[in-house]
Amino acid sequence: MDKTSQTSEQNSLDKTYQPADIERRWAPHWEAQGYFRPSGQGPSFSQMIPPPNVTGSLHMGHAFQDTIMDILTRWHRMKGHNTLWQVGTDHAGIATQMLVERKLEAEEGKTRHDLGREAFLDKVWEWKAESGGNITRQLRRLGASVDWERERFTMDDGFYKAVQQVFIRLYDDGLIYRGKRLVNWDPKLHTAISDLEVENKDQQGQFWHFRYPLADGLKTRDGQDHLVVATTRPETLLGDTCVAVNPDDERYADLVGQHVILPLVGRRLEIVADEHADMEKGSGCVKITPAHDFNDYEVGKRHQQPLINVMSLSAAILDQAQAFDLKGQPLSGIDTSIPEAYRGLDRYEARRLIVADMEAAGLLEQVEPISNTLPYGDRSGVVIEPLLTDQWFVRIQPLAEPAIQAVEAGDIRFVPKQYENMYFAWMRDIQDWCISRQLWWGHRIPAWYDDQGNVYVGSDEADVRAKYGLADDLTLNQDEDVLDTWFSSGLWTFGTLGWPESTEALKAFHPTNVLVTGFDIIFFWVARMIMLTLHFMKDEQGKPQVPFRDVYVTGLIRDEQGQKMSKSKGNVLDPLDMVDGISLEDLLAKRTGNMMQPQMAEKIAKRTQKAFPDGIAAHGTDALRFTLAALASTGRDINWDMKRLEGYRNFCNKLWNAARYVLSNAEGEDCGQHGGEVELTLADRWIISRLQQTEQSVTQHLEQYRFDLAANTLYEFIWNEYCDWYLELSKPVLWDENASAARLRGTRQTLVRVLEVTLRLAHPIMPFITEEIWQRVAPLAGLAGETIMLQPWPQADQSRIDAAAEQDIEWVKGIIVAIRNLRAEMNIAPGKPLPILLYKGHSEDLRRLNDNRVFLQKLAKLESVTWVEHEADLPMSAMQLVGEMEVRLPMAGFIDKEAEITRLSKEVDRLGQDIKRTEGKLSNEAFVSKAPEAVVQKEQTKLAEARQAQATLQEQIEQLKAL
RNA sequence: GGGUGGUUAGCUCAGUUGGGAGAGCACCAGCCUUACAAGCUGGGGGUCACAGGUUCGAACCCUGUACCACCCA
């Protein structure tokens with residue numbers, strides 16, 4: 001884009017702020033100019049985007065985090081740092097595979113097995129090519145200043161190499177092992193999942209109490225010929241191997257070592273003594289099914305029990321059970337037959353039938369309704385089954401230890417700090433991590449097997465043969481499984497910078513400075529990145545490197561009702577719909593189309609119609625970003641509020657119009673950019689002073705990750721100080737035909753320069769509008785530069801903080817507000833010129849009056865201001881106090897006597913309450929003697945002032961009454 | 001059951017070593033005042049969840065309770 005054409009085509013800015021056109025011009029321009037690349041100069045600042053799912057789209061949570069990351073990036077870039085924000089996407093194994101499978105089913109009526117592995121993977125890549133641009137398009141629209149030239153994808157060859165390396169090294173270090181273990185098995189998706197992908201849901205369930213007959217004619221102490229065990233999953237009965245009683249339970253002490261007969265099956269089950277049996281619960285006996293329950297597995301291990309698996313990968317009952325020892329080796333000599341009636345039944349059908357059969361056999365003692373929790377797969381939504389399968393695991397303990405220490409030692413800092421506890425709690429109770437997934441889409445495990453089932457780990461077949469000295473004719477088959485997606489994303493910070501090569505990028509940008517992410521992902525990702533990075537990355541002294549210094553944890557964006565946004569609830573908001581706007585029809589189509597549960601569509605449509613009867617208006621990217629920044633407080637939940645967005649869109653408009661005012665008064669005029677004598681008015685010195693404090697404050701808030709406070713500070717300064725007061729104060733100067741050239745120059749210069757600095761301060765939050773305006777304002781401020789985004793970050797100049805000017809302006813504002821009050825309460829038209837008297841003023845008041853008479857007359861619309869020395873010169877008048885000075889408006893023609901008395905009485909009452917409270921404090925001996933001197937002093941001053949003001953007003957009332 | 005966070009104006013939320021309760025939006029009244037009606041001016045509105053405690057003084061610190069949310073079992 002040609003910059004000059006852009007500025008010269010239009011002579012003035014549009015009357016209202018039109019973000020769409022501005023944003024579409026600047027985003028591609030910045031990128032094309034290469035402004036997003038690291039400068040190669042100055043200290044490094046780097047962060048990695050948490051890679052979103054490549055085929056997904058950004059939701060509000062992403063927009064929130066990406067905005068924060070961009071604020072940090074732009075801020076550091078302006079501070080002159082060598083800034084890298086690295087972007088990329090994640091292959092998201094299970095999510096993407098499911099999506100493509102569904103599409104395949106819908107479009108071709110085929111399953112992935114119909115296609116075969118290779119053809120299916122081609123389909124996934126096709127889909128990625130088609131939809132993978134979504135995310136990056138959205139990021140660009142949000143103004144994200146990421147270095148697109150370094151964009152990475154977790155399935156890129158280079159990254160895959162890093163993943164392989166990590167796997168191989170961990171295996172060689174003995175930190176990865178393979179074994180037949182119980183895992184969380186998803187019977188619908190046919191894959192193992194990690195504990196983190198399991199969602200536990202409360203529900204009302206049933207506890208079936210079964211009688212297991214004692215073998216060999218034995219009886220319990222109280223004469224029963226059976227033990228009672230209870231279960232929520234009767235179908236697992238088929239895989240029972242023993243019954244446990246508590247070692248301290250005297251009721252069954254003499255039965256330990258004896259047997260019961262497993263009903264329906266007929267197997268003899270040993271009675272074992274184990275702590276796991278809870279004496280208080282039910283009968284105190286518990287059936288043990290080591291192959292189908294995590295707790296039972298541990299019990300079985302303690303008592304050398306076999307593992308008897310009775311379920312298929314689809315959670316149906318097998319035709320014949322499989323028995324294994326604790327090492328996962330097949331066991332012979334155990335009766336693994338399953339009664340014919342149950343063979344092939346789905347787990348729930350089997351449950352019904354087994355309960356019925358037990359009841360028929362008189363072995364069902366009772367059915368107890370209980371509240372329990374069931375584990376669901378977070379992707380499939382079906383109940384997870386603990387299942388004995390061959391899987392790969394990471395031995396986590398040796399990795400967790402240093403990862404805990406890194407946070408304890410402060411090498412990694414969580415912001416807000418409270419999240420460290422969450423991290424510690426999880427890390428200290430961490431289990432080995434199952435990293436294999438029975439999927440096709442993902443990083444294939446670099447392990448090969450020979451016909452004997454021996455395992456060889458290496459980067460490819462040739463490497464394996466060389467490494468293990470295998471004969472060329474030995475047949476090798478690669479493991480069919482892929483790695484958990486989080487295994488690869490755990491390498492994100494260094495894998496994207498070229499590791500395992502020792503690259504310049506790694507040297508410059510690792511460790512990264514900060515990670516911005518949601519708390520829901522601390523375990524999934526943050527913890528794993530810390531563990532893996534510490535293990536693999538060492539600095540030049542060989543000290544383990546952290547992946548990032550700070551972890552800034554954001555809250556979760558919810559809808560207006562505080563509900564989590566989700567596709568199935570139909571309450572998701574696309575950040576770009578906030579930006580561009582969307583009609584109700586399109587929004588409905590978006591929310592109800594392509595649903596996993598179409599029956600929800602009607603309900604969602606209704607809700608959507610109610611929440612957005614007119615669709616969503618366009619607000620622009622800057623307004624969205626500002627809103628997100630303003631919402632970024634330390635809380636855990638953030639309820640999205642369209643009203644806030646609207647408010648901040650209005651704020652953009654305010655800034656826009658302020659710029660229009662400044663430009664209309666400065667363009668083509670002498671703004672001091674070429675030198676010349678400059679005279680600064682009180683208002684000029686005041687706004688410059690306030691600007692320094694704003695710079696200081698915004699910078700400090702950004703340093704502390706308080707984006708909300710930074711945004712508030714900017715809002716406050718721009719609207720309530722620059723616009724409300726300074727622009728108004730500049731008018732009397734600019735419109736004064738007799739104003740000196742130096743004075744005009746000073747005011748124009750201040751208008752322009754303060755705006756220019758403010759734009760830079762606001763740029764990280766609102767990149768587009770600030771750039772657009774800056775292009776016009778910068779030359780007037782005597783600055784050259786291609787873009788605001790490479791200008792220096794403003795630095796406060798302490799010498800320009802001017803307390804005297806601030807006090808004087810407060811005085812001016814006090815008088816103006818007093819007069820506005822009088823007008824409003826006396827119902828006097830805003831434009832009617834008023835004659836004002838000032839009485840009982842001090843010499844300081846007189847000085848201020850003389851200095852600021854013009855400001856007062858213009859801004860308060862005064863006919864005259866008269867300084868009165870003697871009471872005799874005062875006509876009857878309405879009154880407002882400014883400090884001790886009385887601002888008086890003669891009543892003739894303006895004032896309703898009764899109304900004025902009422903108004904003053906209200907004020908007297910209010911002061912009375914203040915006085916009472918302050919007197920109470922000061923009459924408290926303990927307060928006066930124990931509170932700090934300054935606090936007591938303050939209260940005393942306050943009391944004196946309030947008393948005096950009250951007396952003055954009271955006197956005024958008396959005088960009015962006497963009239 | 002264990003843990004964490006929260007409860008402040010009608011709504012969404014600030015409140016930084018304890019010292020006169022704030023913002024935006026909404027509401028009421030008046031204004032097209034030559035940057036802005038996406039605006040200007042003025043105004044009403046809160047037992048800071050509840051109960052104790054510490055303190056001269058508590059929205060803030062401590063204890064307990066209730067409710068909400070999330071995490072874990």
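The sequence lines fix the lettering, A, B, ..., with proteins before strands; numbering per chain opens at 1.
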Nearest-Å distance, [atom1] ([X]) to [atom2] ([N])?
X: A:F523; N: B:rU4; atom1: CZ; atom2: C1'; result: 10 Å
X: A:K921; N: B:rG57; atom1: NZ; atom2: P; result: 11 Å
X: A:M422; N: B:rA69; atom1: CE; atom2: C1'; result: 12 Å
X: A:I638; N: B:rC11; atom1: CD1; atom2: P; result: 19 Å
X: A:Y376; N: B:rC72; atom1: OH; atom2: P; result: 16 Å
X: A:K832; N: B:rC31; atom1: NZ; atom2: C1'; result: 16 Å
X: A:R644; N: B:rA26; atom1: CZ; atom2: P; result: 13 Å

Would you indicate which nucleotide in B:rC25, B:rA73, B:rA35 comes nearest to any side-chain atom of A:K643?
B:rC25
Applying a 4.0 Å non-hydrogen cut-off, can you work out what A:Y17 is touching in the nucleic acid: base, sugar-phosphate, or nothing?
base
Does any donor-acceptor pair link the side chain of A:Q18 with the base of B:rA38 at a separation under 3.5 Å?
no
Determine, for nucleotides 40-49 of chain B in 5'-to-3' order, which nucleotides have protein heavy atoms under 4.0 Å from the base (write B), from only the sugar-phosphate (write S), or from neither (write -).
SSSS------
NZ (A:K813) with more than 12 external heavy atoms under 6.0 Å
yes
